[in-house]
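Taking it in order: structure first as C-alpha cells, then the write-up.
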Amino acid sequence: MLSLEFIRANPDAVRRAGELKGEPAPVDEILDLDQEWRARQHRAEEIKAEQNELSKQFAKTRDEALKARLRQMADAAKSELALADALKSELDDLLLRVPNLFHESVPIGETEAENVVIREWGEKPDLGFVPRTHFDLGESLGIMDFERAVRISGSRFAFLVGDGARLERGLVQFMLDVHTREHGYTELWTPMLVNSAAMVGTANLPKFADQLFKVEDRDLWLIPTAEVPVTNFHREEILDGDQLPLKYVSYAPSWRTEAGAAGKDTRGFIRMHQFSKVELVKVTTAETSLDEFEQLTRDAEDILQRLGLHYQAMAMCTGDMGFAQYKKYDLNAWAPGLDRYLEVSSCSVFSDFQARRANIRYRPSRGAPPRFAHTINGSGLALPRTIDAIMETYQRSDGMIALPDALKPYMGGVELIGAR
RNA sequence: GGGGAGGUGGCUGAGUGGCCGAAAGCACCCGCCUGCUAAGCGGGUAGGGGGUGUAAAGCUCCCUCGAGGGUUCGAAUCCCUCCCUUCCCGCCA
C-alpha cells in the first residue's frame with residue numbers, strides 16, 4: 001500500500017496513477033476519513049493524557065471525589081478511542097484498495113495492445129511442416145491426459161504421464177539448479193496454504209479473493225504462486241541493510257480459480273487451476289530495486305535461452321500491469337503449434353508497496369531508523385507453457401519430440417519423447 | 001486429542017497492581033584511558049501513531065511486554081477467549 005502521508009501530500013498523483021491503471025483509488029474518501037480520524041484520535045489522546053496525570057495524583061491523595069471523576073474520564077476515553085479506532089480500521093481498509101504508483105518508464109496505455117516489446121531473442125523456427133499443438137502431440141504420445149483429469153477434478157486440470165511427468169520434473173530441477181548454482185538464489189520450500197495476512201501482504205487480498213481457492217472453515221488459502229509465502233518469509237522483520245539484496249527461488253504448485261477467464265484457453269495445457277512454477281523473489285532497497293528487477297528478468301530469460309526457445313520481453317503498459325506492480329515485464333515464448341506467444345513469466349517490481357503491507361523493513365546502517373524494503377518477483381519460469389513451447393518447438397515431422405540439450409541431463413537418458 | 005509449563009527489547013533474562021517501555025548481562029555505537037590488542041571507565045541503543053514545526057531536528061502526548069476482550073482511578077503483573085512454543089501421554093504418516 002501507499003503511505004497515508006504520501007496520499008495526503010500527493011492526492012493528485014495517486015488519483016492519476018489509479019486512473020491510468022484502470023484501478024480507481026478512493027482518494028477523497030481517504031482524505032476525509034483521515035481528517036476525521038486524526039481529530040478523534042487527538043481528542044481521545046488528550047483525555048487519556050489528563051486521565052493518566054490525575055491517576056498519578058490519585059495514587060497519592062486517595063481522594064474519593066477524584067476517583068469518581070476518573071471513572072467518568074476512563075469511560076469517556078474508552079468510547080472516544082473506540083470511535084477513533086473504528087475510523088482507523090475503515091481507513092486501513094480503504095488504504096489496502098489504493099493501487100500502487102508506477103515508474104515513469106512504464107508506457108501509458110489501456111490494453112495489452114499498448115505493451116511494448118523491449119527485447120526479442122531467437123526467431124520463430126521454420127519446422128518445414130505444419131506444426132501440431134502441444135495438446136495434440138501430448139495426447140497422441142500419451143504424455144498428457146486431459147480427459148481423465150476432467151473426470152477426477154474438472155476442467156483446467158491435467159495429468160502428465162510417463163515422459164510428460166518426467167519432463168515436468170526435469171524442468172523444475174533444471175531451473176532450480178540454474179538459479180541456485182549460477183544466479184545466486186537461495187532455494188525455499190514453502191507452506192502451500194497461507195493465512196489471510198500473508199495474502200494481504202502480497203496484495204492478493206482483499207481485492208482478488210475471487211482468484212483464490214479457500215480452505216473451508218479455516219483461515220487458509222491455497223497459494224496462487226510461491227511469491228506469497230516467499231515474499232512473506234521476512235514479514236514483520238527488520239533486516240540488516242548489508243544483508244540485502246536477499247534472493248530466493250522456490251518451486252511450488254500454484255492454484256488459481258481463473259475467475260473471469262471463462263472460455264479462454266480452455267484447450268490445452270495453458271491456463272490451469274493447478275500448475276507448477278519456479279518463482280524468483282528479491283528483497284532489496286529503494287536504491288537498487290530497479291536494477292535488481294532488470295537482473296531478475298534476465299535470470300528468467302536465461303532459462304528460455306538455455307532451452308533454445310524464441311521469446312519476446314514486453315514492458316507492460318499502465319492499464320495492463322496490475323494493481324500492485326510498480327513496473328512489469330512479461331516474457332512470452334513462441335509456441336509454433338498454437339501460432340502465438342505464451343506468457344511464461346511475469347516479472348514485477350513493487351517498490352515498497354508489498355513491504356509496507358507485510359511490514360518488511362531494513363536498517364540502512366547501524367542505528368539508523370528502519371525503512372520499508374522493496375520487493376521484486378518473477379516466474380523463472382511457469383511450467384505448463386514452457387512445456388508447451390518446448391513440445392511445439394522441438395517436435396518432429398514424425399510426431400516425436402526432441403529435447404533441448406540443456407534438459408538432457410535431467411531426463412534420465414530420454415533424448416526423444418515418443419521413441420519406443 | 002488429553003494434561004503440565006511458558007510467550008517480556010537484537011539476544012539471554014528479571015519483574016505478581018502505581019516508583020516499569022521495563023533491572024541485569026551480552027551484543028552494538030560514541031567518547032575517555034592505555035606502546036598496539038585485550039581489559040577498564042563514562043554515556044547511548046525498541047517499534048508505531050497523534051499534535052507542533054515549511055521541512056529536518058527538536059519539543060510534547062498516546063499506544064505497544066504473543067493477539068483480542070474484561071476487572072480497576074491505574075495492568076507486563078489479576079480474569080476470560082484465541083494463537084503459538086515446549087514437555088508428558090495418546091493417535092498417526
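Just so it is clear: chains get the letters A, B, ... in the order the sequence lines come, proteins before strands, and each one is counted from 1. Computed from a predicted model, the values in this text were never measured in an experiment.
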[atom1]-based separation of [M] from [N] [nearest Å]:
| N | M | atom1 | value |
| --- | --- | --- | --- |
| G9(B) | G66(B) | C1' | 14 Å |
| C11(B) | C19(B) | C1' | 28 Å |
| G51(B) | G68(B) | P | 23 Å |
| A22(B) | G10(B) | P | 14 Å |

Write down the partner of [N] under the Watson-Crick or G-U wobble criteria, each distance required to be under 3.5 Å.
| N | result |
| --- | --- |
| A14(B) | none |
| U34(B) | none |
| A46(B) | U64(B) |
| U52(B) | G58(B) |

Just to verify, which of V230(A), I360(A), L239(A) counts as forming a side-chain contact (heavy atoms from CB on, under 4.5 Å) with L246(A)?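 Among V230(A), I360(A), L239(A), the one that satisfies the side-chain contact (heavy atoms from CB on, under 4.5 Å) with L246(A) is L239(A).
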Hydrogens and angles aside, do R8(A) and S3(A) bring a side-chain donor and acceptor to less than 3.5 Å of each other?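 There is no such pair (donor and acceptor under 3.5 Å, judged by atom type) between the side chains of R8(A) and S3(A).
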For [X], answer base if it contacts any base atom (sugar-phosphate contacts may also be present), sugar-phosphate if it contacts only those atoms, and nothing otherwise; contact means non-hydrogen atoms under 4.0 Å.
| X | answer |
| --- | --- |
| R363(A) | sugar-phosphate |
| K60(A) | nothing |
| R356(A) | nothing |

Nearest heavy atom decides the nucleotide; on that basis, is R361(A) or K56(A) closer to the 5' end of RNA chain B?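 Looking at the nearest nucleotide for each, K56(A) comes out on the 5' side.
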On RNA chain B, does the nearest nucleotide to H42(A) precede the nearest nucleotide to K67(A) from the 5' side, or the other way round? Give the residue.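 On the 5' side of the pair lies H42(A).
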Given the side-chain rings of F353(A) and H374(A), with only the six-membered ring counted for Trp, is the space between their centroids under 6.0 Å?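 Not under 6.0 Å, so no.
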Centroid-centroid under 6.0 Å between Y410(A) and F174(A) rings: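 Yes, the ring centres sit under 6.0 Å apart.
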Considering just the side-chain nitrogens and oxygens of Q51(A), establish if one lies under 4.0 Å of OP1 or OP2 belonging to G74(B).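 Yes, because at least one side-chain N or O of Q51(A) sits under 4.0 Å from OP1 or OP2 of G74(B).
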Within the structure, does a side-chain N or O atom of N52(A) lie under 4.0 Å from either OP1 or OP2 of C62(B)?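 The answer is yes; a side-chain N or O of N52(A) sits under 4.0 Å from OP1 or OP2.
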